[in-house]
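A short worksheet on the structure shown next.
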Amino acid sequence: MKLLSLSTLCAVSLLILSGCQGINPLPKKKVIIDSTLPVVALTKNGIMRDMKTVAFEWNSIKDPRVKSIYVYKRVSGKDASNKLDYYDTIDNRFKTHYLDANDEPNTKYSYAFRVVSKDAQGKLSETYNVSTLPVLQSVSWIHSIAGLPRSAKIIWRPHENQRVESYIIERKTFKDETFKKIATLKGRLHAEYIDEDLADNAVYLYRIRVETYDGIVSTPSQIVKSVTKALPKSVEYISATKDLPKMIKINWSPSKQKDFSQYYLYRGKDIDSSFELIAKLYNNNYTDKIDADGKVYFYRVGVVDKDGLESEHDKNTIMGMTLPKPDAPVITGIKLIDSGVELSWKKIDSRIKSYFIIRKHRTSWFKETTKEYKNIFTNSFVDKNINPDSTYIYTVYGVDENGIVSKPSTEVKVKTAESNKIVDGEKSKPLKEVVVQSQEENTDNTQETVTPVKDLDLNEI
């Protein structure tokens, strides 16, 4: 009896060893291999494959003893022992299909199956070798359109595979080491992409990958190059006047840009200050009218093309200036004479054509009168309209042919004698007012105003 039991145990052990050779069953314990249990057999077309998925179909298992099916798997070439490892459990004998969606594209795998009863396992099925499909290829045709203003356009032929869900757009420059994803377009029928906010006259490289609904990303497409449009060329020279009254005329070389649109003229108060746009022009000249003498401005010109691109303009700046005021006359003398006050001066600036004089007459502690003598064409003037015991202050101005008034001369002051010294017994006789007239016209050009005295200096009286 003991001998029979020992023989039975040896036979079972041999069956276990023969059935498990090259296999890692699960659970990892000694099991009984029952050769009477059915062996999983695939149908005629029992293997279907995709890039990341393998599916199996087998004949139905009718043996009621079968409770589940073990799945074994290995990656070909990964393990030198070619050992199959337990991979999954199918927990229902009525199932006749199995799907593995965790494979890698373009990879060889080996699968095997074994039925399992309550107390034993069946024999291992045949080993099925299957290769997943290669990675999906990207679009078959791609093209770039260059010369666009600060943008690039990429067009392609929509992918024919109905599983394609989206397109992944990748870009790099010559400075970049790798491509970077810049956009994802959902929809298989997309056929173009416009990349915006790019640098001027810059080179960009593009390629496309497609992605399927189940997350499979294709190989990259052919690489295409696009060069953005260059800025218009700057004007070659700019000139600005410095000798015109109340204006500055600016001229510049005409643009040779084929798609020229217009010029932008900028003005600044200083070469390092901010410049403001003052005119959009089609001609290469401009007159800047300025109501000031000796006013300085700096100018820059930009060339704008039909796409709105503007040339660099901060590297070519020109200074302009309105005609400055003439230099003031220099008073050379002032003295009292029998007929009044004689004032003389000399011309410093050759631009001066005539003169006018401002006379201030203090009539009391709190008032003074102001009189203006115009159109004087000589270098001296006699003021006969004076009163005794009075203080007079004179300022001389020059006027050029454009009517620009010079800076004021230095003020000079004179005090007349008391009445008994200057009139000599004719106090009751009023002084006759004398007005200096133009050499060209005999008109009264004197103006007189009365204004309160400001800050009267008693030490000067």
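Partner of Lys360 under the side-chain contact (heavy atoms from CB on, under 4.5 Å) criterion, chosen from Thr369, Thr391, Thr395, Ile393: Ile393. Of the candidates Tyr206, Tyr167, Trp141, Tyr167 is the only one forming a ring pair (Phe, Tyr, Trp, His ring centres under 6.0 Å) with Trp156. Exactly one of Arg209, Lys180, Lys181 qualifies for a side chain to side chain donor-acceptor pair (under 3.5 Å) with Glu170. That residue is Arg209.
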Does the ring pair (Phe, Tyr, Trp, His ring centres under 6.0 Å) test come out yes or no for Trp252 and Tyr263, once each step is laid out?
CA-CA 10 Å; Trp252 55 89; Tyr263 300 103; 5.5 Å; yes
Worked verdict on Arg300 versus Asp314 for salt bridge (Lys or Arg N to Asp or Glu O under 4.0 Å)
CA-CA 7 Å; Arg300 294 171 179 172; Asp314 56 351; 5.5 Å; no
Report, one line per pair, each donor and acceptor closer than 3.5 Å where one atom sits in a side chain of residues 46-55; sequence neighbours left out.
residue : atom : partner : partner atom : Å
Arg49   : NH1  : Ser131  : O            : 2.8
Asp50   : OD1  : Arg163  : NH1          : 3.1
Asp50   : OD2  : Arg163  : NH1          : 2.9
Asp50   : OD2  : Arg163  : NH2          : 3.4

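Of the possible donor and acceptor atoms, one in the side chain of Ser406 sits under 3.5 Å from a partner among the backbone N and O of Gly398. Side chain of Ser226 to main chain of Ile145: a donor-acceptor pair is present (N/O by atom type, distance under 3.5 Å, no hydrogens or angles).
A donor-acceptor pair shorter than 3.5 Å cannot be found between the side chains of Thr184 and Ser166. When only modelled atom types and interatomic distance are considered, Asp88 and Tyr98 share a side-chain donor-acceptor pair under 3.5 Å.
Side-chain contact between Leu309 and Arg150 is present, with at least one heavy-atom pair separated by less than 4.5 Å.
Pairing each heavy atom of His159 with each of Arg188, the nearest pair is O-NH1, 2.6 Å.
A ring-centre distance under 6.0 Å is not found for Tyr128 and Tyr111.
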